[in-house]
Protein chains: 2
Amino acid sequence: MIATVRIDWGTTNARAWACAADGSVVERRHAALGIRNVGAAGFRAAFDHLVEGWPVTAVPVVMSGMVGSRQGWQEAPYAGCPASLDSLAAALIRLPEPETILIVPGVGRGGAGERHDVMRGEEVQCFGALAREDRADGLICLPGTHSKWVRMAEGRIVDFASAMTGEVFEVMSRHSILGALMAEAVPGHDGGAAFRRGLDRAGEAGGLLNHLFSARADALFGEIAADEIRDYLSGVLIGHEIREMPRLLGGSGEILVIADGPLPGRYRTAFAHLAIPARLLDAEAVTVAGLGLVLDHAGR
Amino acid sequence: MIATVRIDWGTTNARAWACAADGSVVERRHAALGIRNVGAAGFRAAFDHLVEGWPVTAVPVVMSGMVGSRQGWQEAPYAGCPASLDSLAAALIRLPEPETILIVPGVGRGGAGERHDVMRGEEVQCFGALAREDRADGLICLPGTHSKWVRMAEGRIVDFASAMTGEVFEVMSRHSILGALMAEAVPGHDGGAAFRRGLDRAGEAGGLLNHLFSARADALFGEIAADEIRDYLSGVLIGHEIREMPRLLGGSGEILVIADGPLPGRYRTAFAHLAIPARLLDAEAVTVAGLGLVLDHAGR
């Protein structure tokens, strides 16, 4: 019996869950129908495809992520920071049709002269993570194209910041001289040593712009092989992110990491190598839980 | 009366000077015949075109830059660091034909377990700069695709490091979401305020990966306009370079800056804004002088 439909609709992918009244997942779907890929058929067609056969006009449907951005289905203006489940629930946007659909706003921070930042979708995951861990405080790391780091206190999002780690990795791998020097890793390749070498480099003097060049210099001197440059670059970038972001946001204690795909392993290795306590959470579980919490707080 | 021919042959461009016995420039040439662009006709044809009519079989010809790299005309293995004019002169490579041509080696640093770095061409400019400034010590900044920072002491290159500033700027401008957000600046556009804002941002907490994202966040919040994102990005990157590199290489006192094209203005603004004493030197003058010094020390 489907009681709610919960959707995380991002730039590249859309994930949907049909949930029972107790929040357990009855059915899950995944489509490469991110807001960049919905194509000419538009959001409604993509949505209908994603939830086909589910009772979306009869039960609450809640969506988070870039679907609520200006480039999405309907803009849901950023909620302010600090943000609570109540403030997100109060700022839900209802689609005109089907009117059962609610879009969770992202969160923005920073007034005039302050540091600005934005996120869409991660805020929901953070509340899900706190609930599942039975915590009210902590620093949360959400690795990705634009990694988000979120400081939680008393059950609210009190600060956050983004790091362009994933995008810099992709762009430098594809379009820079480092990419030109990279060889494809052979199957079974273990880039762990080069990755850890990059993590260590990130802690040395010189800054990221110098450390990026070190991939070329170390390759020229035969210190890293052509099929290790990618791992080394990843280590340098993740090492910078993991060192800088907690400094920016403050706080101590175990970091909660929310990730899926190939990233959890990289970040787990990185936190362990740098002796930073961290716990890896399942991205799907915290997303489903967080979307449910927003519905609960909206009284649905 | 041409007494020497001096050539700075880089990745993108080749510059050649015919000089009198006193080192003054008799004629200068510039061609977009960098080692990436020599094409199928090869180096000899590009060289003949560049020096047409000059007595290159009768006078010493000295070349520096990427022409001596593995992808160049003939490889001139890196000289070690510290490097002196004598050690560069002793490591000159003579082309088999025409045998009047000498190639200056680049400089490499770092044994096993040490920090590695390389440069080709900048070492010559550094010696030219010291001579023209009548100095034996100092920190030299050579901005570019891969900026070089060189520490000189007692007339020798004692340390140096690279920063990928220019390449990260180009790659992020062309291939990242920041590039997608950028608008072309209109003629007469003065991006000085956004550039200085980027310089200031580079001095704040968060690190470069966060500061790169700040271009997107600040644009979303209307703090910088679409036609200012490029200037802001430039300020963030140059700000990081200028803060980090002197920390890595140590030393104090006025920094000598060797640059041409549009970069001198940017770096002059940056050093002034950060209240770091710096003096801008003419790149052509120090290159011609440096190449002459190498010849002198080789006894030619």
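Proteins get letters first, then strands, A, B, ... in listed order; numbering begins at 1 in each. Because only heavy atoms are used, hydrogens play no part in the values below, and waters and symmetry mates are left out as well, while side chains stay in.
Of the possible donor and acceptor atoms, one in the side chain of Glu167(A) sits under 3.5 Å from a partner among the backbone N and O of Ile177(B). Judged purely by atom type and a 3.5 angstrom limit, Asn210(B) has no side-chain atom pairing as donor or acceptor with the backbone of Ala163(A).
In the displayed structure, Arg156(B) atom CZ is contacted under 6.0 Å by at most 12 heavy atoms of other residues, nucleotides or ligands. Around atom CD of Glu184(A), no more than 12 heavy atoms belonging to other residues, nucleotides or ligands sit under 6.0 Å away.
Neither the backbone nor the side chain of Arg174(A) comes within contact range of chain B; no heavy atom of the residue lies under 4.5 Å from a heavy atom of that chain. Contacts of Ser214(B) with chain A are absent, with no heavy-atom separation under 4.5 Å from either backbone or side chain.
Using a 4.5 Å cut-off between non-hydrogen atoms, the part of residues 227-243 of chain A that approaches chain B consists of Leu237(A), His240(A), Glu241(A).
In plain terms, the two heavy atoms of Asp117(B) and Phe221(A) that are nearest each other are O-CE1, 3.9 Å. In plain terms, the two heavy atoms of Ala205(A) and Leu248(B) that are nearest each other are CB-CD1, 3.7 Å. Closest heavy-atom contact between Ala112(B) and Glu223(A): CA-OE2, 3.7 Å.
Side-chain contact check for Met164(A) versus Met172(B): some heavy-atom pair is nearer than 4.5 Å. Residues Arg115(B) and Arg201(A) are in side-chain contact: their nearest non-hydrogen atoms beyond the backbone lie under 4.5 Å apart.
Ring orientation note: the planes of His175(A) and His175(B) are close to parallel, at an angle under 30° on the 30°/60° scale. Note on ring orientation: taking the six-membered ring where Trp is involved, the planes of His146(B) and Phe213(A) are perpendicular (angle over 60°, cut-offs 30° and 60°).
Between atom NE2 of residue His116(B) and atom CG of residue Asp218(A) there is a gap of 5.0 Å, rounded to the nearest 0.5 Å. Summarising the geometry, atom OG belonging to Ser162(B) is positioned 9.0 Å from atom CZ belonging to Arg216(A); distances are rounded to the nearest 0.5 Å.
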